[in-house]
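Any value given below was found using the heavy atoms of this structure, including those in side chains, with hydrogens, waters and symmetry copies removed. Everything quoted here is computed from the prediction, not taken from an experiment. Each chain gets a letter, A, B and so on, in the order the sequences are listed, and its residues count up from 1.
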Amino acid sequence: MWRRGRERRRRRAGGACVAKANRTGETRGDAAILLALRTSHTVTDLHAHLRSRLLDAIAGLGVERTAAESCVRLEPPKNRDHGDVALPAFQVAKLAGKAPPALAAELASRVTADDVVESATAAGPFVNFRFRRTALARAVLGAIQSGAAPYGKAAPNGQVVCIDFSSPNIAKPFHIGHMRSTTIGNALCRIHRHVGATVHGINHLGDWGMPFAKMMTAYMRWGNEQELHAQPMRYMFELYKRYGREVKENPGLDAEAAKHFQALESGADNVERRMWQLLRDESLKAFQGPYTRLGVTFDHITGESFFEDKMAGAMQRVTASGVLEQSEGASVVWLKELGIKEPCILQKSDGTTLYHTRDLAAAFYRETTFHPTRILYVVGAEQKLHFDQLKGVLTKMKEPIAAAVEHVPFGLVLSKTDDGKWEKFASRSGNAVFLDEILDEAVAKVRGVIREKNPDLLGADQVAEQVGVSAIVFNDLKNSRIKDVKFDWDSMLQFEGETGPYVQYACARLSSILRKAEAPVPAVAAIDLELLADAERVLLTMMDFGTAVQKAAEQSEPSHVTGHTIALAGEIHSYLREHYVVGQEPRIRDARLVLVDAARSLLATGLGLLGITAPDRM
RNA sequence: GCGCCCGUAGCUCAGUUGGAUAGAGCAUCGCUUUUCUAAAGCGGCGGUCCCAGGUUCGAAUCCUGGCGGGCGCGCCA
């Protein structure tokens, strides 16, 4: 990482490759849905109910029910005016041996209105359905108000998910480049917990290996403890940069570092060991700052050093499996039969271990300790080969845990050059932008906006912190993670449109209404649901929440959740424009209070899944 | 050279395992504040979905071949 002036830090970076739905997650089985439906008195899952009705109708046409199951895919119509959900009838028509439009018409007539379904209309080869507005409101608002899944946390789903994220290199500044793994991993932890998984959030700290040895070497040559304690992060960054400069003049430094690493790996209680402890402690303390601000917590902080004494066992296991070979003095595993040309090196010719070895040991450890169904590695896309190799070695060893290993790649953070092109961030002249500085800048800007728009706000500094940090985090989670993040101060500090502050603002407005209503939020059962017929767009958007979260969990893609919060905030903003709450006659006010409260609650839940808090005022 | 990824409006991006007229935000041009926060809402403008073939009743989506950009490729992580 120090060579060629390029910064390569452990487990971060990115590239541009996609892991597009390359894994299948757990989806609720139809049987489970139908069971839930039968055992409850009020219909809370409108889609499941409709699906069941449709399958009955199709069976009535003489089509094999099991065959029909996979063909009944309800989807939102392109144009909302068509209906709430639609069934493209092409596949069912093929099964029934009829022309799609004819079949659509037949299905539309067979799915008669009931408590839930208001109408079924054929439109060419599509059947458009409309739910009764009261059923829609009752199902959605009732579930949100009672905290039922998917709006609230789901019952245990049997999955155990290890999420390896953040994993910064000790002895280096926590800068913008470390943010992506941290925010994405944090969101995935929260999302998986929400859908019922047992989650182990793991910080696989880079506290071992050559990069660390280089820092140690720099510190032993030029460091002093006072300065280290005074400003650990910055001071270590200075040492890091100095090593980078001096190694160009004196290439022998690398050999010195290698020697120190061997001494450290020997396990003896020596000066290297004490140095390691000191630098590790200081770094961890320093990392806590950004972690606290970002709302990040870990269940386990087991860095590479944690696996130091598990390396020999891992190597034995590989050897015993018979896949290990010698090549140019090193111990490697060839993976050509798995389509990977590059061998995976597990032990260098000097006997020391590598990144792969430690990840292998970690996989074994996690297997026996946690029994995970999935192990997610939230690491930049540029390390795809590494994880392909890791999974490859486990596969070749016929280890069942191989199936659980999933790389969750993400794109680079890019900065704009003077001539307007985008390039890899912070690679020039060792100039890193510290994450804290970015957060501070955003918070300061927010503070200014508050001064201007809401000068009397109490606790403005705390709110500014919440809103400023959300702008940065939200921006990071807004798009598909594989996309590069264009780091641009102007757009980063923009709080209008699809941003964190926009969603928070919707929450604040809703909270404000609840405060000023001078009436408590009634129970769903106590209001006249007919009065919410004008809120159908809001309600239909709310109903999409479960799908969004489920997809986010399955595809390791927090942006599905981010997108839903934007959509819901937009709908509620529009609704509020024309529908007042305060000052309305009690029956209308009460009905709208339930809606407003549910919207606020669901927005806060969505933001919470992203690690973002929602202030009541801003 | 080989492998992987990306390419949709001026910019940044959505587009659900192939489905109806390809959607948002920013920018730009208008409009909206005598009631709950204008960090908002409503409307206008803006498209060769990189190109060419193929599969299909139907392709931005799947396949093949190009073009452009990014990332990676034995003892770093």
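- A gap of 13 Å separates the C1' atoms of B:A9 and B:U28, to the nearest Å.
- Within the nucleic acid shown, A:E578 has no heavy atom closer than 4.0 Å to any nucleic acid atom.
- A side-chain donor-acceptor contact under 3.5 Å links A:D207 to the backbone of A:S305.
- RNA chain B is contacted by both A:H82 and A:E342; A:H82 maps to the nucleotide lying nearer its 5′ end (nearest heavy atom per residue).
- For A:N479, whose side chain is taken as the heavy atoms from C-beta onward, the closest listed nucleotide among B:U12, B:A77, B:A40 is B:U12.
- Straight-line distance from the CZ atom of A:F410 to the P atom of B:C71: 15 Å, rounded to whole Å.
- Aromatic ring orientation, A:F487 versus A:W489: perpendicular (interplanar angle above 60°, classes split at 30° and 60°).
- Remark: side-chain polar atoms of A:H356 are not paired, donor with acceptor, to backbone N or O of A:Q347 under 3.5 angstrom.
- Contact annotation for A:A86: base contact, defined as any heavy-atom pair under 4.0 Å involving a base atom.
- Among the atoms of the strands shown, base atoms are found under 4.0 Å from some heavy atom of A:R617.
- Nucleic acid contact class of A:V332 (heavy atoms, under 4.0 Å, all strands): none.
- Rounded to whole Å, the separation between the P atoms of B:A20 and B:A40 comes to 31 Å.
- Across all strands shown, the partner of B:G68 is B:C6, judged by Watson-Crick or G-U wobble contacts whose two distances both fall under 3.5 Å.
- OP1 or OP2 of B:C36 has not a single side-chain nitrogen or oxygen of A:K516 nearer than 4.0 Å.
- Rounding to whole angstrom units, CD of residue A:Q91 and P of B:U56 are separated by 16 Å.
- When the shell of 6.0 Å around CZ of A:R617 is examined, it contains 12 or fewer heavy atoms from other residues, nucleotides or ligands.
- A:H579 comes within contact range of at least one nucleobase, with a heavy-atom separation under 4.0 Å.
- At a threshold of 4.0 angstrom between heavy atoms, the contacts of A:K341 are confined to the sugar-phosphate backbone, with no base atom among them.
- Comparing atom distances between the A:L385 side chain and each of B:U16, B:G72, B:G41 picks out B:G72 as nearest.
- A:E325 and A:S331 share no side-chain donor-acceptor pair at under 3.5 Å.
- A:E382 places its CD atom 13 Å from the C1' atom of B:C5, with the value rounded to the nearest Å.
- Donor-acceptor pairing under 3.5 Å is recorded for the side chains of A:Q504 and A:S470.
- Atom name P, nucleotides B:G44 and B:A24: the rounded distance is 10 Å, in whole Å.
- Contact annotation for A:W208: no contact, since no heavy-atom pair falls under 4.0 Å across all strands.
- For B:C13, the paired base is B:G23 (Watson-Crick or G-U wobble, both distances below 3.5 Å).
- In a base pair of the Watson-Crick type (N1 to N3 plus N6-O4 or O6-N4) or a G-U wobble (N1-O2 and O6-N3), with each distance short of 3.5 Å, B:G74 is matched with no nucleotide.
- Checking B:C62 for Watson-Crick or G-U wobble geometry (two distances, each under 3.5 Å) identifies B:G54 as its partner.
- As judged by a 4.0 angstrom heavy-atom cut-off over every strand, A:L593 is placed among residues making no nucleic acid contact.
- Side-chain proximity of A:I345 to B:G70, B:G74, B:G72: nearest is B:G74.
- Using a 4.0 Å heavy-atom cutoff across all strands shown, A:S480 reaches sugar-phosphate atoms only and no base atom.
- Of the candidates B:G19, B:A77, B:A40, B:G19 carries the atom nearest the A:E75 side chain, counting heavy atoms from C-beta on.
- An aromatic stack links A:F126 and the base of B:A20, using centre distance under 5.5 Å and interplanar angle under 30°.
- Side-chain N or O atoms of A:H407 include none that pairs as donor or acceptor with a backbone N or O of A:D388 at under 3.5 Å.
- When heavy atoms are screened at a 4.0 angstrom cut-off, A:L576 is found touching base atoms of the nucleic acid.
- One atom, CG of A:L414, and another, C1' of B:C6, lie 12 Å apart when rounded to the nearest Å.
- Between A:W276 and A:W208, the angle of the ring planes goes over 60°, which puts this pair in the perpendicular group of the 30/60° scheme.
- Taking 4.0 angstrom as the limit, A:R509 places a side-chain polar atom (N or O) nearer than this to OP1 or OP2 of B:A38.
- Checking B:U32, B:C73, B:C13 against the side-chain heavy atoms of A:K483 singles out B:C13 as nearest.
- Around the CD atom of A:E518, the shell of radius 6.0 Å holds no more than 12 heavy atoms that belong to other residues, nucleotides or ligands.
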Review item, nucleotides 42-47 of chain B N/O atoms under 3.5 Å of protein N/O:
residue : atom : partner : partner atom : Å
B:C42   : OP1  : A:S574  : OG           : 3.0

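- Distances shown here put a side-chain N or O of A:Y502 below 4.0 Å from the OP1 or OP2 atom of B:G41.
- Counting to the nearest Å, the C1' atom of B:A77 and the CG atom of A:D207 are 13 Å from each other.
- Where A:N128 and A:T499 each meet RNA chain B at their nearest nucleotide, the meeting point lying more 5' is that of A:N128.
- Scored by the ring-ring contact (aromatic ring centres under 6.0 Å, His included) test, A:H573 finds A:Y502, A:Y505 as partners (sequence neighbours excluded).
- Comparing atom distances between the A:N169 side chain and each of B:G74, B:U32, B:A77 picks out B:A77 as nearest.
- In this structure, A:R358 reaches the sugar-phosphate backbone alone: every heavy-atom distance under 4.0 Å involves primed, P, OP1 or OP2 atoms, never a base.
- Across every strand in view, B:G30 sits in a pair with B:C42 that passes the Watson-Crick or G-U test at under 3.5 angstrom.
- Two rings, from A:F126 and A:H82, have their centers 6.0 Å or more apart.
- Only the P atoms considered, B:G15 is 15 Å distant from B:G23, to the nearest whole Å.
- Per the stacking criterion (ring centres < 5.5 Å, plane angle < 30°), A:F90 does not stack onto the base of B:G58.
- The residue A:P77 sits close to a base: some heavy atom pair falls under 4.0 Å.
- Here A:Y580 does not pack flat against the base of B:C36, since the 5.5 angstrom centre distance and 30 degree tilt limits are not both met.
- For A:K486, a side-chain nitrogen or oxygen approaches OP1 or OP2 of B:C13 to under 4.0 Å.
- Looking at A:T562, A:N479, A:I566 one by one, the single match for side-chain contact (heavy atoms from CB on, under 4.5 Å) with A:E498 turns out to be A:I566.
- In this structure, the CD atom of A:Q494 is 14 Å from the C1' atom of B:A40, given to the nearest Å.
- B:C63 and B:C4 are spaced 12 Å apart, taking the P atom of each and rounding to whole Å.
- Closest to the side chain of A:K384, out of B:A77, B:G25, B:C4, is B:C4.
- Residue A:P125 is classed as having no contact, given no heavy-atom separation below 4.0 Å to the nucleic acid.
- Rounded to whole Å, the C1' atom of B:G19 lies 14 Å from the corresponding atom of B:C62.
- With both ends at atom P, the span from B:U33 to B:C13 equals 36 Å, rounded to whole Å.
- Looking at the side chain of A:P88, the nearest of the listed nucleotides B:A77, B:G19, B:G74 is B:G19.
- Base pairing of B:U48 is not made with any nucleotide, judged by Watson-Crick or G-U wobble geometry with both donor-acceptor distances under 3.5 Å.
- B:G3 and B:C45 have their C1' atoms separated by 44 Å, given to the nearest Å.
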